[in-house]
Protein chains: 2
Amino acid sequence: MSMKTVSNVINGYAHVAEGTKERVLAAVETVGYRPNLSARNLARGRSGVIALVVPRLEMPYFAGLAGQLIEQAEARGWFVLIHETGWDRMAERAAIEGQFPQRIDGLIVSAQQLERADLDQRTATTPLVLLGERSFGDAVHHVAIDNTAAARTAVEHLIERGCRRIAMVGASDAAADDPRRRGYLEALEAAGLELQPDLMLPIRANSGEEGERVVRELLESDVALPDGVFAVTDWVALGAMRALHLHGLRVPDDAAVVGFDDIPYARAVTPSLTTIAPDRAALAEVALRMLETQLNPAGGLAEPVHQTVPFELVVRESTTSFGPPQSRAH
Amino acid sequence: MSMKTVSNVINGYAHVAEGTKERVLAAVETVGYRPNLSARNLARGRSGVIALVVPRLEMPYFAGLAGQLIEQAEARGWFVLIHETGWDRMAERAAIEGQFPQRIDGLIVSAQQLERADLDQRTATTPLVLLGERSFGDAVHHVAIDNTAAARTAVEHLIERGCRRIAMVGASDAAADDPRRRGYLEALEAAGLELQPDLMLPIRANSGEEGERVVRELLESDVALPDGVFAVTDWVALGAMRALHLHGLRVPDDAAVVGFDDIPYARAVTPSLTTIAPDRAALAEVALRMLETQLNPAGGLAEPVHQTVPFELVVRESTTSFGPPQSRAH
DNA sequence: CTGAAAGCGCTTACAG
DNA sequence: CTGAAAGCGCTTACAG
């Protein structure tokens, strides 16, 4: 039996006779052979490592995504180096240039601040896949849920629950092309509700503090109270709920709240939070497939592709019902 | 200039004349040289990879810890492979045996279910460091905060706020040697408070659901209401707060609550959660140092060591004051 | 189809 | 101190 045959079996190539294959695998098993990846990667000219770039791993949405990606990457023999940017545009620019302590075979970047111009100026040629709601035309491979459709679904849900004055927390100031804002507007329009500019609340960061601040300011202003809140992330929604509470408003009775991301706390908080749940597993899988496409340009053009994955509206107490009994239950 | 000299500079060894050193570094800079770690590791007989084993990366406490560890490991030229066990004892046993798709140089395991016996049966010789509150005698390198002192601090804080009937949520059933339970008992005793066995509430998992369940059962029972709750994790505390809410009790006015871990949600939730914050950076650093000690047994015995790192009590609204104003503020 | 051999980019023991 | 050379464990092009 040749070395080539053994290699074929181990790497799953070619057609090896069943009996031979079994003998090889049996030998591998008894010896406890485990390929030395350093050697393999050195010989193949690859590092076997892909980088996942996120703002902050501690944020549950990104941690969940990282978990999915690690699992699926391992199954493909890849190893995931996680790198944090802290929402800094310069750090994101550095990341897409592949400035890592390790050589890497590919990059998956959750873009928060990155602009189209940053991509155009990119000099590195490492295969790249972008994640997230920002859009970059056809400059780069990109996976995301359909953020407009998801936002529309969220706001339609509020409208169905009877909300008529729905605030959007996290309307980006400038961006007419913010997909979530567009979904919000579409839902209002489809229901024949008038847009209230006072209820579109821009924030400086997708943080709980910011969500709380702008909702508090709204409630303390002369603007009539909202009866529904659509927040661009669950984290922002938690802040919004906090402001509502502190103002003596009950969720969902006085104002219903919908978030975005379905982080674990959405379930644990009181009242639990209705939210948009992206299909994280699909996100991870598509991103890895896009990386593979770029690494093996078998079959011609590896034109940048934009692809969407499914999402789901998860309905919980913040839009249905909840409340401590007035008298104690027994 | 010899290859050895260059190697010395790059790896920071030995005494190289300043001028030479600068010339080398300048050359490295202009050429943009980056060592190929696959080759280096192959030559050195190491993989350059350490594994971090946690129950679930999506849990914010572990995600935060992983973030710290990744950062500090990168600074030491290590790469972190994250592996999830899902709180499964068999998965933890497999992990300490080093059954990974990669060869690894060391293992850092957050032990949740692992028993002393599992360690005694271990056959692998990969350097190992254990994290977490379980104790394993002197069988293995181990880093943790002083959980007894931390729990005592938390409960003393409740007592200072005037609590007299303090429930402990998460008292492990069997374990007389549970360090957090011991801290709870010590604090009660020091304050001359009588132990109320009815207020020690065992749970099956450190989940919000379990925290909610046992507190709900307590509140619905004939036992007099508690005026303070010490939960073994923030996550459990969130569940406990939920049960209190649903029962019409206000936090902290009717019952104050203290958690453990200082996950990000502890700040975001309403009311925000008083909790014990372990020094994660120190945890990561000590764990890595212990791994290095085992890898470079320079200076003799690498006897297993148990080491503690600092913690802090972070006081927030759940033990001080909070409440929506009765009439709206203006 | 088979096997011996070169080469991936480093580190390090060794002869000069 | 210096430099040439071997070797880490794989993959793969190449001659048989």
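Reckoned from all heavy atoms, side chains included, excluding hydrogens, waters and symmetry mates. Proteins get letters first, then strands, A, B, ... in listed order; numbering begins at 1 in each.
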Do you know which two heavy atoms are closest between B:L57 and A:A66, and how far apart they sit?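 Minimum heavy-atom contact is CD2-CB, 3.9 Å.
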Side chain proximity check, B:N206 to B:W87, heavy atoms < 4.5 angstrom: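 Of all side-chain heavy-atom pairs linking B:W87 with B:N206, none is under 4.5 Å.
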If you define the side chain from C-beta out and look only at heavy atoms, does anything of A:V143 sit under 4.5 Å from A:M290?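 Side-chain contact under 4.5 Å: yes.
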I'd like to know if the side chain of A:Q294 reaches the main chain of A:L128, judged simply by a donor and an acceptor atom lying under 3.5 Å from each other, with no hydrogens or angles considered.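 Checking the backbone N and O of A:L128 against the side chain of A:Q294, a donor-acceptor pair under 3.5 Å is found.
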For Watson-Crick and G-U wobble pairs within 3.5 Å on both distances, what is DNA chain D written in dot-bracket notation, | included for inter-strand pairing? |||.||||||||.|||
With a cut-off of 3.5 Å and sequence neighbours excluded, list every side-chain donor-acceptor pair involving residues 130-138 of chain A.
unit_1: A:E133; atom_1: OE1; unit_2: A:R180; atom_2: NE; d: 3.4
unit_1: A:R134; atom_1: NE; unit_2: A:L114; atom_2: O; d: 2.9
unit_1: A:R134; atom_1: NH1; unit_2: A:Q112; atom_2: O; d: 3.1
unit_1: A:R134; atom_1: NH2; unit_2: A:L114; atom_2: O; d: 3.3
unit_1: A:R134; atom_1: NH2; unit_2: A:E115; atom_2: OE2; d: 3.3

Taking atom types as modelled and ignoring hydrogens, do the side chains of B:S47 and B:N41 form a donor-acceptor contact shorter than 3.5 angstrom?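 Short answer, no.
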Might you list the N or O atoms of the protein lying below 3.5 Å from N or O atoms in nucleotides 6-9 of chain D, with each pair's distance?
unit_1: D:dC8; atom_1: O2; unit_2: B:A43; atom_2: N; d: 3.4
unit_1: D:dG9; atom_1: N2; unit_2: A:A39; atom_2: O; d: 3.3

Salt bridge or not between B:E285 and B:R289? Use side-chain N to carboxylate O under 4.0 Å.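 Looking at B:E285 and B:R289, the cut-off is met.
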